[in-house]
Amino acid sequence: MDAFFNINFLTELLLSTIRMATPILFVALAETYSERAGLVNIGLDGIMSFGALIGFLIGYKTGSPTVGILAGALSGIAINMVYAFCTIHLCAPQIVYGMAINIFAPALASFIYRLSFSDTSTLIQGVSMKALPIPVLSSIPVLGPLFFNHIPLVYFAYLLVPATAVFFNRTKAGLNFKAVGEFPKAAETLGINVIFQKYLACIICGALAGVGGAYLTICYTSTYSEGIVAGRGFIALSAVIFGRWMPSGVLLACLLFGFCDALQIRLQLLSPSTPYQLLQMIPYLCTLFVLAFFGIRKSGPKANGQPYYREER
Amino acid sequence: MKELLRMEQITKQFGNVYANRNINLSVKEGEVHTLLGENGAGKSTLMNILIGLYQPTAGTIYLHGEKVKIDSPKAAVKMGVGMVHQHFMLVEAMTVLENIILGSRKDSSVFIKKDQVRKEILALSEKYGLDVELDKQITEISVGAQQRVEILKALYRGAELLILDEPTAALTDIEAEGLFAIIRKLTGEQKSVIFISHKMREVLSISDRITILRAGETVTTLNKEDTDGTQLANLMIGREMVPSNYKKVTATGDEVLSFQNISYQKQHKHSGLNEVSLTVRKGEILGIAGVDGNGQSQLAQLAAGIIAPEEGTVLLKTSRVSRFAPNGFILSHVSHVPEDRNKMGLIGNMTVRENLILKATEEARFSYGHGALLKNKAITKFALEMQSKNDIRCASIEQEVRNLSGGNQQKVILAREMENDPELLIAVHPTRGLDIGAARYVHDTMVAARDQGCAILLISADFDEILNLSDRILVMFEGQVMGTYSGINPPIEQISLAMAGKGN
């Protein structure tokens, strides 16, 4: 237990928290955009899986992690367009189609993986992104390595938080976007193209969730394995509710979940005698508790989850 | 005056149904043009075409003499057409200011320039006397203020033609007067207003010209000077309407419902009751007058057993009520026509047939074993009887009740509530949103029930309805009883003062 009070241990723990929170943050922000436009997308896990595979594959083929990440984003958009078309145009139930993506996309990802690497049984090593220390700032003791010595994608994720906040609260486009999730008919009568905004939301959501998936295979491990997403999409989903649909709240929620994840890995190392499955439960238990306590008072966008019929009598 | 808008031969079909058929409408600059018609006459469809929400099946629209195609609300906004919908199109989670600038393309900046926008809006609001608090959330302001926000929204977008859809439905008389003053200012600036209403008194006071629609077609357009309320009503419903004149009675029968010093959340002036005492006798209508939101909803819910009082005693047929649950009240023959028919009175996704027996599923005539197995044949027979007896107009009794017009929905509720010979009927805003014909049917049914010996507690924000029907009138203000007056030659002025909280 002395190890707990070790400064190195704590720094490592926090560093790991930031890294672990990054993919969840991408995906939670993805969902924030989606739900702000009234689309509850529970297919995040599926989009992530697909983004993880395509990111890994393209990164491996081209040797460039950046291209891999971009491919992950594009593949996320592609998969999410299925959801978008069905829920926006056909007004199909969002939960059902989200679930369909969760079943369909990981299976498709595994299928493509096997097609591509059918001749080897060894684990393929893909590319990985290199850290980009920020000059001067990264040499500050403790804080430097904690905040300023990461791969570019981590900076990008955390910069997305204030950017999203500014978008929603300070810009006209953000105001219009939010109105679609609150009261689409009102938005329509004010000349806002509701269908376009909803598609936009799906594009942003698909891209960010795809990046979140690709992060796992390019920045976290550099291999692809089935089940690599491990329910992170659902954790992100609850982070949005816990974070009250606000970027700052979502960030806090993601850091909490990231912390739990980092903690359980550290605890596994500290206490090898405890069954690791027990410790692995920590992030999910945390999600359960958080949802039980904070998910009760339902706020959030008013027209969230409802289909929008344009010419309704 | 120059012509601003002309709609020619507008037709709109939904499937096989014509919502509009060859409608013509012409609006001049600076005039208030009223569209008059019963529910389902096609007013809303026509206006939705004008603001680009619907596309007409046929017909042409001219603005300033030029043929235009309004293919989206965006196009309508650009052409200077603005609409204040009956159910406000306001985003509750946003502030007044945000709602006004939502979707506006006044300048091309990415960010919201709050200070500049605020100046512009304040200038507008001063010009037309539209008083609003820009930084309040929509949920924090009154209905009247929300309406002013809607008008400002349209003006901010440069509307020259403003459509007001039943703007006074949710307003108090004083607020309505304020609205009329605003409308006069607008027309003074050569802006045109299309006014939709079926309150004859308002129509006659504010309109310049009146176009009457019936069953999706134009009947005629009249100048206000050339017509009167009776003619308009007759044109609207397509037959002679005999003015209603119900006989008032002084009941001496048993007390059916009695409240003794009832309090419920009395610290809330607009959603509580403070030491309320009242009685309703067999064979009388007690009308509760008052501006909406002075405790009437709570009064109705208490009388129906939905909520329990915090202090005081409720006597139902002279026995003290100890347990407040709707079922017990229903078994004591208390019927309830609730204030919001869609939220409380009906289950929209269920059929007319199912809604008609909701209260009686456990009875032996409709099921075996107290609701274990429904007797479908008996239920269908019953529903068909109810349908013809109450003139419920629906495609079939298997139609989902949410697809019925407001009037027919109310008839379904009334049929269900009157069917078991109630001893007490609680009717809350029973004719809200109904057209003249349907309202008349509801009133006739209530008076007939009274004459059969039913005690009726009528709660309404429509003062004319209260005066027309009540044998006694009780006025509520901020959760308190301001006084009780006779319904025979009621002292109207005194009652009006009491409704505003003034008086003894």
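Every chain is numbered from 1, with letters handed out A, B, ... down the list of sequences.
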Asker: Take a 6.0 Å sphere around OH of Tyr155(A) and say whether it holds more than 12 heavy atoms from other residues, nucleotides or ligands.
Answerer: yes
Asker: Measuring from Ile192(A):CD1 to Leu102(B):CG, what's the distance to the nearest 0.5 Å?
Answerer: 4.0 Å
Asker: Would you mind reporting whether Val91(B) and Lys302(A) have side-chain heavy atoms less than 4.5 Å apart?
Answerer: no
Asker: State, to 0.1 Å, how close Leu90(B) and Ala186(A) come at their nearest heavy-atom pair, and which atoms those are.
Answerer: N-CB, 4.4 Å
Asker: Using non-hydrogen atoms only, which part of Lys153(B) is less than 4.5 Å away from chain A: side chain, backbone, both, or neither?
Answerer: side chain
Asker: Starting at CD1 of Ile51(B), measure out to OG1 of Thr189(A) and round the result to the nearest 0.5 Å.
Answerer: 6.5 Å
Asker: Quick check: closest heavy atoms across Gly103(B) and Asn176(A), and the distance to 0.1 Å?
Answerer: N-OD1, 2.9 Å
Asker: What's the shortest heavy-atom distance between Phe183(A) and Phe88(B), and which atoms?
Answerer: CE1-O, 3.4 Å
Asker: Is it the case that over 12 heavy atoms from other parts of the model lie below 6.0 angstrom from the CZ atom of Phe156(A)?
Answerer: no
Asker: Go through it in stages, so that I can follow the logic: the residues are Leu53(B) and Glu188(A), the test is side chain to side chain contact (heavy atoms under 4.5 Å, CB included), and I'd like the CA-CA distance, side-chain angles, deciding distance and then a yes or no.
Answerer: CA-CA 8 Å; Leu53(B) 268 182; Glu188(A) 177 94 52; 3.6 Å; yes
Asker: Is chain A contacted by the side chain of Ser104(B), its backbone, both, or neither, given a heavy-atom distance below 4.5 Å?
Answerer: backbone
Asker: Determine whether more than 12 heavy atoms belonging to other residues, nucleotides or ligands lie under 6.0 Å from atom OH of Tyr308(A).
Answerer: yes
Asker: Between Asn193(A) and chain B, with a heavy-atom cut-off of 4.5 Å, which part of the residue counts as in contact: side chain, backbone, both or neither?
Answerer: neither
Asker: Heavy-atom distances under 4.5 Å only: say whether Lys172(A) touches chain B with side chain, backbone, both or neither.
Answerer: both
Asker: What part of Val77(B) gets closer than 4.5 Å to chain A, counting heavy atoms only: side chain, backbone, both or neither?
Answerer: side chain
Asker: Give a yes or no answer on whether the side chain of Arg170(A) reaches the backbone of Lys113(B) with a donor-acceptor pair at less than 3.5 Å.
Answerer: no
Asker: When you compare the side chain of Glu92(B) with that of Glu182(A), does any pair of heavy atoms fall below 4.5 Å?
Answerer: no
Asker: In Å, rounded to the nearest 0.5 Å, how long is the span from CG of Leu190(A) to CE of Met89(B)?
Answerer: 9.0 Å
Asker: Check this for me: His87(B), atom NE2, are more than 12 non-hydrogen atoms of other residues, nucleotides or ligands nearer than 6.0 Å?
Answerer: no
Asker: Let's test your reading of the structure: which of Pro73(B), Ser72(B), Gly52(B), Ser44(B) forms the most heavy-atom pairs below 4.5 Å with chain A?
Answerer: Pro73(B)
